[in-house]
Amino acid sequence: MMKKIRLIDTTLRDGMHAVSHQFSTEDVSAVVKALDDAGVDTIEVSHGDGLGGSSFQYGFSKATEEAYLKAAAGAMTNAKLCVLLLPGIGTHKELEMAANAGAKVVRVATHVTEADIGEQHIKIAKSLGMEAIGFLMMSHMVDVDKIVEQAKLFESYGADAVYVTDSAGAMIPTQITERIAAVKKAVSIPVGHHAHDNMGLAIGNSIAAIQAGADIVDGTCRGAGAGAGNAMTEVLVGVLDKMGYATGIDLYKIMDAADDIVMPRLHRPPMITKESLSIGYAGVYGSFLLHALRAADKFNVDARDILIEMGRRKTVGGQEDMIIDVAYELANRK
Ligand SMILES: CC[C@H](O)CC(=O)C(=O)O
Ligand SMILES: [Mn+2]
């Protein structure tokens, strides 16, 4: 029997970072229709920083979250609609709105040391009848024991699955293997992995995760996502099939979705560049990329220096405003 790997496509959420949150509701309908038709199990749609992310701090979305979700729900026949929520950026109000608009799954994303701030949202999601997944971000920043502790917290709150997330695309396969294997041993809920390609390892790390026991992996079409992007959904489908795992996704249809539907909508397709590689190397959020490029331009400094300094200061998601401070300081040092 082939093991079934659940593939969650986040082109319309992580991919929002790659288009500065400017997909239209028509884009959402077209991409969801193609993914659903290809057999994708779960499709995530939200602002790149999750529900409530549309703001000065993170960048405004082209449409409201409700309009995106209604467009997605209306274009789906079989897939489950998923949203991302970072407690504090999104609140129970956005979660209720999402459930009413048709979302069946929520990923409650916290910094890897802060699962406790997700307890309330996991419980609210369950009371709304949703599947609730704990999503531990920036898991390269702590050791294995800490990740295990935090994954167990999510399980104790009633999460249906828990993720080890490489937000910065900073880890190498052995680090993924040890983290996933340890979490898998410690919890009895499914374990997922979300990879970024800043160091060219997104597919390799996803394979390492699956071989270490992961049950769920994330992908985006054409790798659309923060930094150098994510593991490509269409590549995962081909590779997993070759490895003898079932995804339930039609390879030709997902290739068509990626090349014909998603690619023309990416004005700046993510790729490994000196800046996105620096994100992986420095271990900072992929979503810092466009902010750092803009600040580098404005203050006439090297974006790599900004990112390396952000890494040295151990900044985490939500500290995008510090990019300006760092650029300003670097410019004054010159
Ligand atoms: C800021 C939210 C973030 O983009 C979530 C995510 O995809 C990650 O941590 O990689
Ligand atoms: Mn991501």
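Counting starts at 1 for both ligands and their atoms, in listed order.
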Can you report which non-hydrogen protein atom sits closest to atom 9 (O) of ligand 1, along with the distance?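 Scanning the protein heavy atoms, the shortest distance from atom 9 (O) of ligand 1 goes to S167 OG, 2.6 Å.
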Closer than 4.0 angstrom, basic N to acidic O: yes or no for [X] and [Y]?
X: K3; Y: D215; answer: yes
X: D160; Y: K126; answer: yes
X: K146; Y: E114; answer: no
X: K152; Y: E155; answer: no
X: E178; Y: K184; answer: no

Tell me, which N, O or S atom in H194 is closest to the Mn ion (ligand 2)?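 The nearest such atom is NE2.
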With carbon and hydrogen excluded and only N/O/S kept, which atom of D14 is nearest the Mn ion (ligand 2)?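 Nearest to the Mn ion (ligand 2) within D14's N, O and S set: OD2.
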What orientation do F56 and F60 show, parallel under 30°, tilted 30 to 60°, or perpendicular over 60°? perpendicular
Do V187 and F154 come within less than 4.5 Å of each other through their side chains, counting heavy atoms only?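 A side-chain contact is absent here, since even the closest heavy-atom pair is not under 4.5 Å.
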I want to check a possible cation-pi pair here: R107 against Y163, using under 6.0 Å from ring centre and within 45° of the ring axis as the test.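 Yes - R107 lies over the ring of Y163, closer than 6.0 Å to its centre and within 45° of its axis.
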Per-atom contacts, ligand 1 versus [X] - under 4.0 Å to a heavy atom:
X: G48; result: 2 (C), 4 (O)
X: T165; result: 8 (C), 9 (O), 10 (O)
X: H196; result: 10 (O)
X: D49; result: 1 (C)

Contact between ligand 1 and Y285 is defined here as a heavy atom of the residue under 4.0 Å from a ligand atom; is it met? yes
Minimum non-hydrogen distance to atom 10 (O) of ligand 1, winning option of H17, R13, M16, H194: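 Considering heavy atoms of H17, R13, M16, H194, the nearest to atom 10 (O) of ligand 1 sits in H194.
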Within D218, is some N, O or S atom less than 2.8 Å away from the Mn ion (ligand 2)? no
Flag H196 as yes if one of its N/O/S atoms falls below 2.8 Å of the Mn ion (ligand 2), otherwise no.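 True for H196.
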